[in-house]
Amino acid sequence: MSLNASPTQPAHITPAEHASISPCCPGSLLSSGELTPETVSEILTLATQLEREDPIQRAQRLAKRRIALLFYESSTRTRTSFELAAKGLGADTTLVSSLSSSIEKGETLKDTGLTLKALGAEAIILRHPSSGAPWLLERETRLPALNAGDGMHEHPSQALLDLRTILAHLSPGVETVSSHTLAGVTVAIVGDILHSRVARSNMLLLPKLGARVILCGPKELLPEVALEAGPGIEIERDFTRAIAQSQVVMMLRIQAERLAGLQLDLEEYKAGYQLTESRLEAHAPHALVMHPGPIIRGLELTGEVADGPQSLILEQVHHGVAIRMALVYRALLGSSGAAA
């Protein structure tokens with residue numbers, strides 16, 4: 001990993017490197033791979049406590065603490081929910097984007113991070129196009145870092161909010177989780193698995209809690225190597241067979257910007273893998289439908305499904321604020337202990 005990674009010098013990280021690297025700061029969250037059932041339970045419990053707290057009291061918890069949001073990629077849901085979460089706790093936030101800062105002039109990630117630290121930032125929330133960038137940022141700044149999406153690698157806060165959404169419907173009130181909490185639950189993740197950091201984080205998290213995860217998609221978007229992600233992962237190419245076995249169907253965005261060079265016909269993709277109302281009724285009439293957004297209506301799923309009674313898409317967005325409040329609070333106060 002380059003110590004001076006920039007948008008033109010990616011900080012890629014290999015699976016072997018990832019396995020040997022742990023966060024420097026106890027409040028960081030860089031990967032779903034770090035999460036144990038005990039840590040997940042702590043985060044879920046803290047999220048509920050903060051969500052239910054009187055907003056005026058809650059805003060005193062991190063009053064005038066400083067958090068930087070460093071976003072090298074566009075974002076609506078993740079950036080806004082992290083910002084609302086931090087401000088809901090009383091923290092001051094500043095947004096730094098690649099189009100409105102010295103990043104545009106070629107400044108490295110390391111130097112940008114050190115500059116933010118010198119300006120008083122106490123934690124950094126990072127979205128970056130290079131896999132491994134959050135590890136580099138945390139190591140060089142020694143500040144707690146929250147991974148808001150790194151390249152085609154991970155998006156751990158999304159996996160946590162997805163889990164909270166699933167539990168709200170399949171195990172209401174459950175916050176203390178174990179390796180058996182999702183036993184008997186099958187989650188189908190469908191679409192562009194190859195490029196999806198959301199899929200990767202869910203693949204690392206959900207089986208730890210007992211879920212069976214079925215990956216579904218054409219070979220161009222779902223290579224067989226995905227089975228090496230860990231136990232509890234299966235591949236099913238047939239869409240109807242995959243969703244028929246599942247209590248949760250998680251659709252993924254087809255990322256047109258990442259399809260260059262792939263022999264993929266979008267009309268064939270829709271014929272084989274689009275989630276329609278008729279498919280849902282015929283093969284998964286009781287399944288929960290999820291999508292990390294942004295959704296492309298008429299491609300990975302139809303508008304009727306997105307707006308239908310089985311859709312939890314907006315609930316996922318809602319749960320994101322509570323989860324990210326817990327992560328921000330945890331980042332600034334360390335990883336141990338619930339809110340007083």
Working to the nearest 0.5 Å, report the span between CD1 of Ile254 and NZ of Lys270.
11.0 Å
ring-ring contact (aromatic ring centres under 6.0 Å, His included) against Phe82, all qualifying residues, sequence neighbours excluded
none
My understanding is that only one of Arg66, Arg65, Arg142 makes a salt bridge (Lys or Arg N to Asp or Glu O under 4.0 Å) with Glu122; could you say which?
Arg65
Can you tell which of Thr165, Leu29, Leu44 makes a side-chain contact (heavy atoms from CB on, under 4.5 Å) with Leu160?
Leu29
Determine whether Leu209 and Ile43 fall in the same hydrophobic cluster, where Ile, Leu, Val, Met, Phe, Trp and Tyr are linked whenever their side-chain heavy atoms lie under 4.5 Å apart.
yes
Verify side chain to side chain contact (heavy atoms under 4.5 Å, CB included) between Ile67 and Leu332, making sure each step is shown before the conclusion.
CA-CA 9 Å; Ile67 296 172; Leu332 289 186; 4.0 Å; yes
Taking every non-hydrogen atom, the tightest pair across Leu327 and Ser157
CD1-CB, 3.6 Å
Does atom CG of Leu119 have more than 12 heavy-atom neighbours from other groups under 6.0 Å away?
yes
Determine the minimum heavy-atom distance between Leu252 and His291, stating which atoms define it.
C-NE2, 3.7 Å
Of all residues at least two apart in sequence or in a different chain, which pass the side-chain hydrogen bond (donor to acceptor under 3.5 Å, both in side chains) check with Ser278?
Thr276
Could you tell me whether a side-chain N or O of Glu277 sits under 3.5 Å from a main-chain N or O of Val305, the two making a donor and an acceptor?
no
Mark yes or no for whether Gln310, through its side chain, and Ala284, through its backbone, hold a donor-acceptor pair below 3.5 Å.
yes
Hey, does the side chain of Ser41 reach the backbone of Pro37 with a donor-acceptor pair shorter than 3.5 angstrom?
yes
At what distance, to the nearest 0.5 angstrom, does OG1 of Thr93 lie from CD1 of Ile125?
8.5 Å
Here the pair of heavy atoms bringing Glu154 nearest to Leu204 is OE2-CD1, 3.2 Å
Answer yes if Phe239 and Ile295 sit in the same cluster of Ile, Leu, Val, Met, Phe, Trp and Tyr residues linked by side chain heavy atoms under 4.5 Å apart, and no otherwise.
yes
Is a donor on one side and an acceptor on the other found under 3.5 Å between the side chain of Ser28 and the backbone of Leu30?
no
When rounded to the nearest 0.5 angstrom, what is the spacing between CZ in Arg164 and NE2 in His318?
6.5 Å
Hey, does Val96 have a side-chain heavy atom less than 4.5 Å from the side chain of Phe71?
no
Measure the shortest side-chain to side-chain distance between Thr176 and Glu38 over non-hydrogen atoms and say whether it is less than 4.5 angstrom.
no
Distance-only polar pair, side chains of Thr78 and His155, donor-acceptor under 3.5 Å
yes
Sequence neighbours excluded, every pair satisfying salt bridge (Lys or Arg N to Asp or Glu O under 4.0 Å) that has a member inside residues 127-137:
none
Lys/Arg-Asp/Glu bridge criterion (N-O < 4.0 Å) met for Glu236, Arg241
yes
Test item: Ser171 side-chain N/O and Leu167 main-chain N/O as donor-acceptor pair under 3.5 Å
no
Residues in side chain to side chain contact (heavy atoms under 4.5 Å, CB included) with Lys219, at least two apart?
Arg237
Of all heavy-atom pairs linking Ala199 and Ile189, the shortest is CB-CG2, 4.0 Å
Taking atom types as modelled, is there a side-chain donor on Gln316 or Asp162 under 3.5 Å from an acceptor on the other?
yes
Listing request: all salt bridge (Lys or Arg N to Asp or Glu O under 4.0 Å) pairs with a residue in residues 172-189, at least two apart in sequence or in separate chains.
none
Could you report the tightest heavy-atom contact between Leu146 and Gly27, atom names first, then the distance?
CD2-O, 3.9 Å
Contact list for residues 291-320, test salt bridge (Lys or Arg N to Asp or Glu O under 4.0 Å), sequence neighbours left out
Arg297-Asp307
Sequence neighbours excluded, the answer for side-chain hydrogen bond (donor to acceptor under 3.5 Å, both in side chains) partners of Thr39 is Thr36
Glu228 with Arg200: basic N within carboxylate O range, under 4.0 Å
no
Co-membership, hydrophobic cluster, residues Ile233 and Leu222, 4.5 Å side-chain:
yes
Could you tell me whether a side-chain N or O of Ser130 sits under 3.5 Å from a main-chain N or O of Ala133, the two making a donor and an acceptor?
no
Taking only residues two or more places apart in sequence, or in another chain, which ones meet Val317 in a side chain to side chain contact (heavy atoms under 4.5 Å, CB included)?
Arg77
Leu275 with Leu266, same ILVMFWY side-chain cluster at under 4.5 Å
yes
Cluster question for you: counting only ILVMFWY and a side-chain heavy-atom cut-off of under 4.5 Å, with indirect links fine, are Leu333 and Leu35 together?
yes
Would Thr186 and Val248 count as a side chain to side chain contact (heavy atoms under 4.5 Å, CB included) if you check the C-alpha gap in whole Å, the side-chain angles of each, and the deciding distance to 0.1 Å?
CA-CA 7 Å; Thr186 297; Val248 179; over 6 Å; no
Steps toward salt bridge (charged side-chain N to carboxylate O under 4.0 Å, His left out) verdict (Glu140, Lys110)
CA-CA 6 Å; Glu140 295 305 314; Lys110 172 181 175 178; 3.6 Å; yes
What pairs meet the salt bridge (Lys or Arg N to Asp or Glu O under 4.0 Å) rule with one or both residues in residues 176-186, with sequence neighbours excluded?
none
Using only atom types and a distance under 3.5 Å, with no angle test, would you say the side chain of Glu138 pairs donor to acceptor with the backbone of Trp135?
no
Measure the NE2-CZ distance between His319 and Arg324 for me, rounded to the nearest 0.5 Å.
12.5 Å
Quick one: pull up NE2 in His283 and CD in Glu281 and give me the separation to the nearest 0.5 Å.
11.0 Å
If every non-hydrogen atom of Gly132 is compared with every non-hydrogen atom of Asp150, which pair is closest and at what distance?
N-OD2, 2.9 Å
Check step by step if salt bridge (charged side-chain N to carboxylate O under 4.0 Å, His left out) holds for Asp92 and Lys64.
CA-CA 6 Å; Asp92 291 336; Lys64 309 312 291 182; 3.1 Å; yes
For Ala159, the side chain to side chain contact (heavy atoms under 4.5 Å, CB included) test, sequence neighbours excluded, returns Ser32, Ser201, Asn202, Leu205
What side-chain donor-acceptor pairs closer than 3.5 Å can you find for residues 210-218, not counting sequence neighbours?
unit_1	atom_1	unit_2	atom_2	d
Arg212	NE	Glu234	OE1	3.4
Arg212	NE	Glu234	OE2	2.8
Arg212	NH1	Gln245	OE1	3.2
Arg212	NH2	Glu234	OE1	3.1
Arg212	NH2	Gln245	OE1	2.6

Look at the side chain of Ser246 and the backbone N and O of Ala242, then say whether any donor-acceptor pair between them is shorter than 3.5 Å.
yes
Enter the distance from Leu70:CG to Leu95:CG here, rounded to the nearest 0.5 Å.
9.0 Å
Return the set of residues passing side chain to side chain contact (heavy atoms under 4.5 Å, CB included) with Leu143 (not counting sequence neighbours), or none when no residue passes.
Lys117, Ile124, Thr141
